[in-house]
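Before any comments, here is the structure.
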Amino acid sequence: MTTFSDLPPVVARYGEWISPISAADVAEGGHPVEGGAFVGGDIWWAEQRPTEGGRIAIRRHDGSGQAVDVLPAPWNARTRVHEYGGGAWTVTDAGVLVFAEFTDQRLYRLDPGASAPVPLTPAPVTAAGVRYGNLSIVGAEIMAVRETHGGEPGTVTVTRDIVRVPLDGSAAQDAAAVPSLVAGSHFLAAPAVSPDGRHLAWIAWEHPQMPWDGTELRVGELGEDGTVTSWRVLAGSTEESVLQPLWRDASTLYFSSDRTGWWNLYRQSIDAGSSAEALHPAGADFGGPLWQLGAGWFSVLPDGRLLTSRTHGTDTLGILDPADGSLTDLRPTGLEGDLTVARLGRTSGDRVLLLSAGTHDAAGLRVLDLTDLSLSVVRLGVDHLPAAGLLPVVESMTFPAPHGRQVHAFVYPPRNPGFVAHEGELPPYVTLVHGGPTAHVSAQLSVATAYFTSRGIGVIDVNYGGSTGYGREYRNRLRGNWGVVDVEDTIAAVTGLAAAGWADPTRIAIQGGSAGGWTVLAALTGAGGTSTSVFACGASYFGVAELVEFVKETHDFESRYIDGLVGPWPEAADLYTARAPLSHVDALECPVLLLQGLDDPVVPPAQAERFRDAMVAKGIPHAYLAYEGESHGFRRRETLISSKEAELSFYGQIMGFAPVDVPVLPLWRPS
């Protein structure tokens, strides 16, 4: 029997290769796994369900190994604290699930065998006006970060504190039964009670700092009523980011700090006058950007050693011995390729949950057995992977950038064993610009990337200056230079790629979401003073288009983010206008695709609509796709399919190839 692989490859133009990977495959087969917990002999996890409107289900395996819901539809375990959430659920040893329900943001309890959850917190006066995240179990209570939205429309105030919620439901109708343990700062995270119950440690920071700019590690004494009676700052400042306090014993804390320029691990007594002791100084980050509450980069093992995940471009697992400072790298088995992403989860004896991915391995939840370093899959973020020959092979690359800088990127060339391009033809490329902008991408297998590469379209994913994972100096390159350094670095990466003969320099697109969308629009308009002729077109997913209205319209967590990225308001008002892509649409010469969720509280639809209106006035061909029910980051099956197909059709129309299996996206053109 002749198979597809037995046939000689078909000669076809890049971008017109036939791929069995459809947008529906990407949407329906993808269900990101977001966290896990050991519950008795089972493992539970959180899973996004695009086929169920993007809800977050809590799931486990049944006796036959099939994934089943613990939390059934339509319940949605997702918190809106900081709008990015984190720590939306926890579970007791007896299998009692506690979670924040997305629709009303109340905490609920689901007992084993119960037909439906019951509320633990009162209904808020304002819809979703009281939110809970960073959940953990402390005795018969839930400790959480509470975010309260109050005031009249247009004058909403946001406050946060650390609270305890009774597990018995006695606070379901009584807000006074949810005691506040401590407040005293605009932002709080990572609350941790000492083993003897006498002290509480937590992270705090104020506007205009973001948690990667500067935080404080605070320690307070707990009174008889469980509230903090007094507290002091143990470490941190406006220029030192401290993360993840973990108790070593009743009087000593471990934490991560970037005081040396890298997030390294420290140990410090809580006694007055104590100083921090570096456990293993290294030029790598044992920490990362605190976009979501509950993130962790190290954990204490039963024998007192620390399991760590550190990043310098990619993640590396290790065991750090606090007794002598030695660090032993771990090389887990059970993967097809190299482990590149390793986010630590819960531990149970010698077993550790990892949200992980690799160069040849899909992202998902795995168990690491420390006795033999074997990795076993709990639940991957995809149901099925395409044939290995259709999956891209990644290359890690570094390119020279302006002013003596270097920029790091991951390159995924086209790959499909059934097709070859015409002799001498160079492929089109899509340049991916991550959001944040304080974020990081790693080399990892992605079906969404394969959707393009299997059709003959290369992908380059750029960690421009401002990205995490390369130390504080690299991260701080974007201070005051958003729209400049990110654009310069992205252009340096793609021009370097083309100069090396990998890409057709006339057929390079740029795509990004949120802050990445800002970089897309800034690159296309030359808003930061850099040439606008590099890219043939661009796609902006819910991107920022201007700053004056944005800082008024966006949510509290990021409302002062622009102070550090561009300059303080109102002192830098002129720069806000001068730097904005919206102010430079007259310089735009190429088509743009705008994709936007209509329920987005982070980058409201007005941002995309203002840019669309400016393109209409200029006569620039474009498309604007707005999606009902979508927020910041698309989650629904229908949206994921529509946006992916639209993006492919758009690139084909502009870069001169005809995708064979997607509807043609209508473009607005001047009459």
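Only a predicted model underlies this, so the values are computations on that prediction, with no experimental measurement involved. All values below were derived from every heavy atom in this structure, side-chain atoms included, with hydrogens, water molecules and symmetry-related copies excluded.
Using modelled atom types, one finds no donor on one side chain facing an acceptor on the other under 3.5 Å when comparing Ser185 with Glu206. Using a 3.5 Å distance cut-off with no hydrogens or angles, the side chains of Asp161 and Ser180 do pair a donor with an acceptor.
Panel note: side chain Ser649, backbone Ala646; no donor-acceptor pair is recorded below 3.5 Å. Looking only at distances, no side-chain donor or acceptor of Arg131 sits under 3.5 Å from a matching main-chain atom of Gly85. The backbone N or O of His186 sits less than 3.5 Å from a side-chain atom of Arg160, completing a donor-acceptor pair. With Asp213 contributing its side chain and Pro211 its backbone, the two residues share no donor-acceptor pair below 3.5 Å. Although no hydrogens or angles enter the test, the distance criterion places a donor-acceptor pair under 3.5 Å between the side chain of Asp489 and the main chain of Gly465. In terms of modelled atom types and a separation under 3.5 Å, the side chain of Asp285 and the main chain of Gly287 share no donor-acceptor contact. Glu638 contributes no side-chain N or O that, together with a main-chain N or O of Ile641, makes up a donor-acceptor pair within less than 3.5 Å. For the pair Gln444 (side chain) and Ala363 (backbone), a donor-acceptor distance under 3.5 Å is absent. One N or O on the side chain of Ser446 and one on the backbone of Thr449 form a donor-acceptor pair closer than 3.5 Å. With hydrogens and angles ignored, the 3.5 Å screen pairs a side-chain donor or acceptor of Gln105 with a backbone N or O of Arg80.
Between Val145 and Pro191 there is a side-chain heavy-atom pair separated by less than 4.5 Å. Pro50 is not listed as a side-chain neighbour of Arg635, based on a closest heavy-atom distance of 4.5 Å or more. Side-chain contact between Ile457 and Val430 is present, with at least one heavy-atom pair separated by less than 4.5 Å.
Put simply, CH2 on Trp518 and CZ on Phe550 are 9.5 Å apart, with the number rounded to the nearest 0.5 Å. Rounded to the nearest 0.5 angstrom, Ile56 CD1 and Thr79 OG1 are separated by 11.5 Å. Residue Arg310 holds its CZ atom at 13.5 Å from OG of Ser256, rounded to the nearest 0.5 Å. With values rounded to the nearest 0.5 angstrom, Leu648 atom CG is found 10.0 Å from Gln653 atom CD. A distance of 14.0 Å separates CZ of Phe187 from CD of Glu216, quoted to the nearest 0.5 Å. The line from NE2 of His555 to NE2 of His82 is 9.5 Å long, rounded to the nearest 0.5 Å.
Figure legend: Arg475 and Trp262 shown without cation-pi pairing, the cationic atom not lying both under 6.0 angstrom from the six-membered ring centre and within 45 degrees of its axis. Stacking of Arg146 on the aromatic ring of Tyr132 is not recorded, the 6.0 Å distance cut-off and the 45° axial limit not both being met.
Remark: aromatic rings of Phe286 and Trp263 are distant, center separation not under 6.0 Å. Side-chain rings of Phe542 and Phe634 approach one another, their centers coming within less than 6.0 Å. Checked against the 6.0 Å centroid threshold, His408 and Tyr464 do not count as a close aromatic pair. For His440 and Tyr470, the ring centers are positioned less than 6.0 Å apart. Aromatic pair Tyr561/Trp212: ring centres closer than 6.0 Å. Here His622 and Phe611 keep their ring centres 6.0 angstrom or further from each other.
A pairwise comparison of heavy atoms in Lys618 and Val585 identifies NZ-O, 3.8 Å as the closest pair.
By the neighbour-count criterion of 12 heavy atoms within 6.0 Å, atom CD of Glu628 is sparsely surrounded, having that number or fewer from other residues, nucleotides or ligands.
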